[in-house]
2 protein chains.
Amino acid sequence: MKQDSRLSATLHVLLHMADRGTPMTSEELAACLGTNPVVIRRTMAGLRETGLVRSEKGHGGGWTLARALDAITLGDVHRALGEPALIALGHRSENPQCLVEQAVNAALDEAFAEAEALLAGHFDRVRLSDLAADFSRRFDDRRQAHAKHDKAL
Amino acid sequence: MKQDSRLSATLHVLLHMADRGTPMTSEELAACLGTNPVVIRRTMAGLRETGLVRSEKGHGGGWTLARALDAITLGDVHRALGEPALIALGHRSENPQCLVEQAVNAALDEAFAEAEALLAGHFDRVRLSDLAADFSRRFDDRRQAHAKHDKAL
DNA sequence: TGTCATGTAACATAAAAAGTTACATGAAAC
DNA sequence: GTTTCATGTAACTTTTTATGTTACATGACA
């Protein structure tokens, strides 16, 4: 199953944008991900429509966050991306005549709905500021590790 | 995201096999799903190795269930299919150098692990006999609806 | 007015599920 | 024993979706 990494990519990009403060071009953001600038523009288009980011053309232009990090949840981003399916499994056919298949679909739907609701709920509770805080913690950890290493030399 | 419908297909096939009682050929099972016999054989190969089904060659051959319906869970079938990923979202890269990406991965992994565990747990609690019972209920419902319809004529 | 940046269409690539063809192998029927 | 039926499996094609790329139009600032 090929996995959709747009949510991961978008979160990455948004955190870099917040970290920078000033507008970042599609080219700069693409470099962060090792991808193509057009991929960035295409992906960010949805976020712009939802009001999560702003874009400016011309000199000094680029992308900026339209809200504070603590005012954006993972759920907001997921919805802005068009709510891609969370569950990797699906049915063979919708509205089958076969009663066996109807029973199978019903059982799977129930299981999927449960997991999907849990995941969606989780997404709605996690803010970008939470990720930024985790980043800061990792940053400090790395700095301390380096300091220790330098001292040992 | 292309969804994997092998679990759905396999459950469908297994229930038909149980309903029949005698061996069913790949061709018959393929007809149930509107697919190709080779797809059936390929998919069932994993189930045979796990001991969920048996296959016989030659005249009167075909596929039969190796266990009772209440001794097979959805989880058994999922594992026999090679445990295909349950979550449709993924990371851009594993073990990234970028601390931002590390923070993103950590946040998503946590969310995914939670949902995946819920779904896997659900699969382990549902037996094929549960689906068969639901099928029977639907069958009776349809029969009653038909009877009512006939009476009205 | 030229440069920089986004906006977007159109096309190419990659990966995985699903479908197909072809043929080898083994078991039962005749 | 030979024919027929069925699985076993390799190799290939098709389809779908995410992703990557090229090309060019549009708008903003120096």
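Letters A, B, ... mirror the listed sequences (proteins, then strands); counts begin at 1.
- Within the 3.5 Å criterion, the main-chain N or O of B/P84 finds a donor-acceptor partner in the side chain of B/H78.
- Residue B/S5 places at least one side-chain N or O closer than 4.0 Å to OP1 or OP2 of C/dA18.
- Applying the 4.0 Å criterion to OP1 and OP2 of D/dG8, one finds that B/R48 has a side-chain N or O inside that range.
- In terms of polar N and O atoms assigned as donor or acceptor, the side chain of A/H59 never comes within less than 3.5 Å of the base of C/dC4 in a complementary pairing.
- A donor and an acceptor atom never sit less than 3.5 Å apart when one is taken from the side chain of A/R54 and the other from the base of C/dT6.
- Among the nucleotides C/dA9, C/dT6, D/dG20, the one closest to any side-chain atom of A/V38 is C/dA9.
- The distance between atom CE of A/M44 and atom P of D/dT19, rounded to the nearest whole Å, is 15 Å.
- Nearest to the side-chain atoms of A/W63 among the listed nucleotides C/dT6, C/dT8, C/dG19 stands C/dT6.
- Distance A/N36 CG to C/dC11 C1': 13 Å, rounded to the nearest Å.
- OP1 or OP2 of D/dG8 has not a single side-chain nitrogen or oxygen of B/R41 nearer than 4.0 Å.
- The nearest whole Å value for the distance from the CG atom in A/L81 to the C1' atom in D/dT17 is 15 Å.
- Dashed line: the shortest gap from a side-chain N or O of A/S55 to OP1 or OP2 of C/dT6 is not under 4.0 Å.
- Considering only side-chain N and O atoms, A/R92 lies under 4.0 angstrom from the phosphate OP1 or OP2 of C/dG19.
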Check the pair A/R125 / A/T73 against side chain to side chain contact (heavy atoms under 4.5 Å, CB included), numbers first and verdict last. CA-CA 7 Å; A/R125 281 190 304 275; A/T73 66; over 6 Å; no
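- A salt bridge is defined here as a Lys NZ or Arg NE, NH1 or NH2 lying under 4.0 Å from an Asp or Glu carboxylate O, and A/R67 with A/D76 meets this definition.
- Side-chain atoms of A/H12 do not come within 3.5 Å of backbone N or O of A/L33 as any donor-acceptor pair.
- Distances shorter than 4.0 Å separate some side-chain N or O of B/T35 from OP1 or OP2 on C/dG19.
- Formation of a donor-acceptor pair under 3.5 Å by the A/D124 side chain with backbone atoms of A/G121 is not found in this model.
- For the OP1/OP2 pair of D/dA6 and a distance below 4.0 Å, the side-chain nitrogens and oxygens of B/S26 include no atom meeting the criterion.
- Checking the phosphate oxygens (OP1, OP2) of D/dA18, a side-chain nitrogen or oxygen of A/R6 falls inside 4.0 Å.
- Note: CD1 (A/I40) to P (D/dA18) measures 17 Å, nearest angstrom.
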